[in-house]
Amino acid sequence: MLGASKGFNTNRASSSMVSGSRISTLLLSMFATFASIYVSGRLWQESQNRVYLIKELDRITGQGHSAISVDDTLKIIACREQQKKLSALETELAAAKQEGFTSKLLTENDGAHAKKRHLVVIGIMTRFGNKNNRDAVRKAWMGTGAMLKKMENEKGIVARFVIGKSANPGDNLDRDIDNENRQSNDFIILDDLVEGTEDLPKKARLFFAYAADKWDAEFYAKVNDNIYVTIDALGTALAAHFDKPRAYIGCMKSGQVFSEPSHKWYEPDWWKFGDKKSYFRHASGEMYVISRALAKFVSINRSILRTYAHDDVSAGSWFLGLNVLHVDEGKFCCSSWSSGAICSGV
């Protein structure tokens, strides 16, 4: 009996130890489960916070309220352009190896097929009632229909007339432009601009922003509708500046700032230019060219770039505080025709 009693006690002790071990294991498992749920919850919350912050950043920057500096903006643009060029060069190299290293124009891969980058997009500033000027430009150097398309495809040069809307939307002025555009298909119509002489600086700014968003090109040019352009000379001149990522090219000048309201070239902000009343150096408004990075800069900051009385002075002011190469090119002095000149009055 005594032996049996000892055996029973031993079995009960063993059973108690096993039961205690199971309880400890169960508690540990529960603790591990709760810990996993807690950690997972924190990670999920953190990821949601990140998504929210990214969306907010996209929303803010999309409205033009950039929190980064102008210098940083240009650096970001330059980096993106270098990445695009590297990708394009890798594609070109692979194709060249298969085709015997045949040289080609720089292309950009858009994910589906190789897309040729244009050399320059030219915006020809025109107005209501200037149809004779437009017809002269079409006949002299721009072309129409198949000729215009050939210039785009073979020379990489896109040319469009740029005009705003009438102060009375849908009136005869707007209808005349719409009818002309249906026949020629060579207009950029700026819906956010009321056409008027005093809005030329705003028109130039909107053109560069629109063109940079619509076309991928090495350069973007502004020209008046009474200017004759020698296309081949323009292409040759611009080819010499491919290695300049932030180039501002034109017939550089400065001049007197007029403070008298009755003067033809009156500048309402004359007092901002100091006691000598002289403008800073800027390209003549008859024709000037900016590189892709500068056009992208105008596009990104279109809502905060101010304008002065004249479009050429306004453009010069946008680049004044930036690390931009001002190229004084005599061939862009359209008012003084010479051999090898790029432009002249029609």
Criterion side chain to side chain contact (heavy atoms under 4.5 Å, CB included) on L119 and F242, from CA distance to verdict: CA-CA 10 Å; L119 172 63; F242 278 148; 3.5 Å; yes
Residues in ring-ring contact (aromatic ring centres under 6.0 Å, His included) contact with F319, at least two apart in sequence or another chain: Y248
Could I get the full list of side-chain hydrogen bond (donor to acceptor under 3.5 Å, both in side chains) partners for [X], not counting sequence neighbours?
| X | answer |
| --- | --- |
| D171 | S166 |
| R160 | E152 |
| K214 | none |
| N179 | R182 |

Please report the interatomic distance [atom1]([X]) to [atom2]([Y]), rounded to the nearest 0.5 Å.
| X | Y | atom1 | atom2 | result |
| --- | --- | --- | --- | --- |
| D174 | I189 | CG | CD1 | 8.0 Å |
| M252 | S284 | CE | OG | 10.0 Å |
| E218 | L238 | CD | CG | 9.5 Å |
| I177 | F128 | CD1 | CZ | 6.0 Å |
| K222 | I122 | NZ | CD1 | 13.0 Å |
| M125 | I227 | CE | CD1 | 12.5 Å |

Contact list for residues 160-187, test ring-ring contact (aromatic ring centres under 6.0 Å, His included), sequence neighbours left out: F161-F187
Pairs involving residues 129-140, ordered by first then second residue, that meet salt bridge (charged side-chain N to carboxylate O under 4.0 Å, His left out) (sequence neighbours left out):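 For residues 129-140, and leaving out neighbouring residues, the salt bridge (charged side-chain N to carboxylate O under 4.0 Å, His left out) pairs sorted by first residue read K131-D135, R134-E180, D135-R138, R138-E180, R138-D186.
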Evaluation steps, side chain to side chain contact (heavy atoms under 4.5 Å, CB included), between S291 and H241: CA-CA 9 Å; S291 59; H241 300 293; over 6 Å; no
Taking only residues two or more places apart in sequence, or in another chain, which ones meet [X] in a side chain to side chain contact (heavy atoms under 4.5 Å, CB included)?
| X | value |
| --- | --- |
| A295 | A212, Y220, I290 |
| D312 | K253, H282, H310 |
| L320 | F280 |

C251 and C333 SG atoms under 2.5 angstrom apart: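 Yes, C333 links to C251 through a disulfide.
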M147 with Y228, same ILVMFWY side-chain cluster at under 4.5 Å: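 Unlinked, M147 and Y228 end up in two clusters.
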side-chain contact (heavy atoms from CB on, under 4.5 Å), paired with F219, selected from I157, V121, L234, I249: I249
Which residues share a salt bridge (charged side-chain N to carboxylate O under 4.0 Å, His left out) with K155, sequence neighbours left out: D232
All salt bridge (charged side-chain N to carboxylate O under 4.0 Å, His left out) counterparts of D243, not counting sequence neighbours: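 If we apply the salt bridge (charged side-chain N to carboxylate O under 4.0 Å, His left out) test to D243, skipping adjacent residues, there are no hits.
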Salt bridge present between R302 and D192 (N-O < 4.0 angstrom): no
Minimum side-chain heavy-atom gap V298-L305 below 4.5 Å: yes
Neighbour count above 12 (heavy atom, 6.0 Å) for K150 NZ: no
W318 vs N301, side chain to side chain contact (heavy atoms under 4.5 Å, CB included): CA-CA, chis, key distance, verdict: CA-CA 10 Å; W318 302 335; N301 297 282; over 6 Å; no
Side chain to side chain contact (heavy atoms under 4.5 Å, CB included) between L322 and R246, worked out: CA-CA 9 Å; L322 308 181; R246 293 183 296 277; over 6 Å; no
